[in-house]
Student: 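Here you go, one structure.
Note that the structure is a prediction, hence the values are computed from the model and not measured.
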Amino acid sequence: MSALDWSLAAMCEATGRLSRVQAWDQPRAGWAVGDAVWWVTIVDATLVRYHPEAYDWVLARRATAERRLIEDTLAGLRFVRNQMGSATHQVDFVRPGAGQLDPGQRGIRGWTWNDLPEPALESLAPRGQSWEMSRYRAYEARLAGHRVGDTFTQATGFLALAVARAASVTDVAVDAVS
């Protein structure tokens with residue numbers, strides 16, 4: 001659990017940094033969004049791989065619409081992570097938000113995710129193409145046009161609960177063995 005706890009702390013630090021990055025500093029804004037995406041997807045992948053029961057337990061306790069929102073938000077963030085290594089630069093994913101921001105949307109949290117063209121997938125096997133297109137569609141449905149801060153609030157709130165559940169299940173299992 002210590003690696004998961006450490007990753008959760010890094011995720012919270014990275015997403016918290018979005019409030020402190022100023023809109024005029026676009027290269028830093030792109031880096032901050034990319035860093036937050038990286039840590040959210042690391043925590044998500046760790047939970048899915050090593051603690052699927054806890055992940056599924058927390059997800060199952062959500063209403064159907066909220067569960068779908070969480071699943072699509074995380075899938076959209078996986079799409080961003082996969083595209084960050086390609087020709088698309090992190091700053092291409094986001095733009096300064098228009099209009100008056102909510103008080104809770106300081107820094108670049110009020111920025112908006114951009115609509116993106118479909119990715120070129122010819123180099124992938126059919127299964128990989130299907131996988132990546134489902135993430136692209138989730139990105140377009142749940143991220144594009146929405147505020148960066150809202151996306152990360154949704155994702156990190158769920159992941160923090162899943163980490164807490166994984167920790168409590170692990171603690172119970174350790175106590176039972178002792």
Student: So for atom CH2, which belongs to Trp131, do other residues, nucleotides or ligands contribute more than 12 heavy atoms lying within a distance under 6.0 Å?
Tutor: yes

Student: Distance check, rounded to the nearest 0.5 Å: Ile70 atom CD1 versus Gln154 atom CD?
Tutor: 5.0 Å

Student: Check the pair Trp111, Gln26 against side-chain contact (heavy atoms from CB on, under 4.5 Å), reporting the backbone distance first and the verdict last.
Tutor: CA-CA 11 Å; Trp111 281 30; Gln26 288 198 3; 3.8 Å; yes

Student: Does Leu116 offer a backbone N or O that forms a donor-acceptor pair with the side chain of Glu140 under 3.5 Å?
Tutor: yes

Student: Check whether Leu18 and Met84 end up in the same hydrophobic cluster, where Ile, Leu, Val, Met, Phe, Trp and Tyr are linked by side-chain heavy atoms less than 4.5 Å apart.
Tutor: yes

Student: Enter the distance from Ser134:OG to Arg78:CZ here, rounded to the nearest 0.5 Å.
Tutor: 9.0 Å

Student: Mind checking the CD-CG spacing from Glu66 to Leu69? Nearest 0.5 Å is all I need.
Tutor: 7.0 Å

Student: Please tell me if the side chains of Arg147 and Phe152 come closer than 4.5 Å, counting only heavy atoms from C-beta onward.
Tutor: no

Student: Measure across Ala166 and Leu4 and return the closest heavy-atom pair with its distance rounded to 0.1 Å.
Tutor: CB-CD2, 4.4 Å

Student: Using a 4.5 Å cut-off on heavy atoms from C-beta on, say whether the side chain of Val148 contacts that of Ile108.
Tutor: no

Student: Working to the nearest 0.5 Å, report the span between CD of Gln129 and OG of Ser123.
Tutor: 8.0 Å

Student: With rounding to the nearest 0.5 angstrom, report the CG to CG distance, Leu159 to Leu47.
Tutor: 6.0 Å

Student: Does the pair Phe93 and Val80 meet the rule for a side-chain contact (heavy atoms from CB on, under 4.5 Å), with working shown?
Tutor: CA-CA 8 Å; Phe93 285 102; Val80 173; 4.0 Å; yes

Student: Could you tell me the separation between the NE2 atom of His51 and the CZ atom of Arg49, rounded to the nearest 0.5 Å?
Tutor: 12.0 Å

Student: Evaluate the side-chain proximity of Arg142 to Arg68: yes if any heavy-atom separation is below 4.5 Å, no if none is.
Tutor: yes

Student: Is there a donor in the side chain of Trp39 and an acceptor in the side chain of Ser7, or the other way round, less than 3.5 Å apart?
Tutor: no

Student: For Thr15 and Arg109: C-alpha separation, side-chain torsions, deciding distance, then whether side chain to side chain donor-acceptor pair (under 3.5 Å) applies.
Tutor: CA-CA 9 Å; Thr15 56; Arg109 290 181 57 82; 5.9 Å; no

Student: Ignoring hydrogens and angles, tell me if any N or O in the side chain of Ser130 forms a donor-acceptor pair with the backbone of Arg127 under 3.5 Å.
Tutor: no

Student: My understanding is that only residues two or more places apart in sequence, or in another chain, count here; which of them pass side chain to side chain donor-acceptor pair (under 3.5 Å) with Thr64?
Tutor: Arg67

Student: Does Met133 reach the side chain of Phe79, with side-chain heavy atoms less than 4.5 Å apart?
Tutor: no

Student: Considering non-hydrogen atoms only, spot the tightest contact between Val21 and Ala32 and give its length.
Tutor: CG2-CB, 3.8 Å

Student: Which atom names give the shortest non-hydrogen contact between Arg165 and Ser168, and what distance separates them?
Tutor: O-OG, 2.9 Å

Student: Side-chain donor-acceptor pairs under 3.5 Å in residues 54-61, sequence neighbours left out?
Tutor:
| unit_1 | atom_1 | unit_2 | atom_2 | d |
| --- | --- | --- | --- | --- |
| Tyr55 | OH | Asp44 | OD1 | 2.6 |
| Arg61 | NH1 | Trp57 | O | 3.1 |

Student: Backbone N or O of Val37 within a donor-acceptor pair of the Thr41 side chain at under 3.5 Å?
Tutor: yes

Student: Sequence neighbours excluded, which residues qualify as side-chain contact (heavy atoms from CB on, under 4.5 Å) partners of Ala155?
Tutor: Val40, Thr73, Leu74, Leu77

Student: Would you check if His146 and Thr112 make a side-chain contact, meaning some heavy-atom pair closer than 4.5 Å?
Tutor: no

Student: Measuring only between side-chain heavy atoms, which start at C-beta, is Glu132 closer than 4.5 Å to Asn82?
Tutor: yes

Student: Looking only at heavy atoms, which two atoms of Thr46 and Ile42 are closest? And how far apart?
Tutor: OG1-O, 2.8 Å

Student: Quick check against the 3.5 Å criterion: does Tyr50 have a side-chain atom that pairs as donor or acceptor with the backbone of Ala45?
Tutor: no

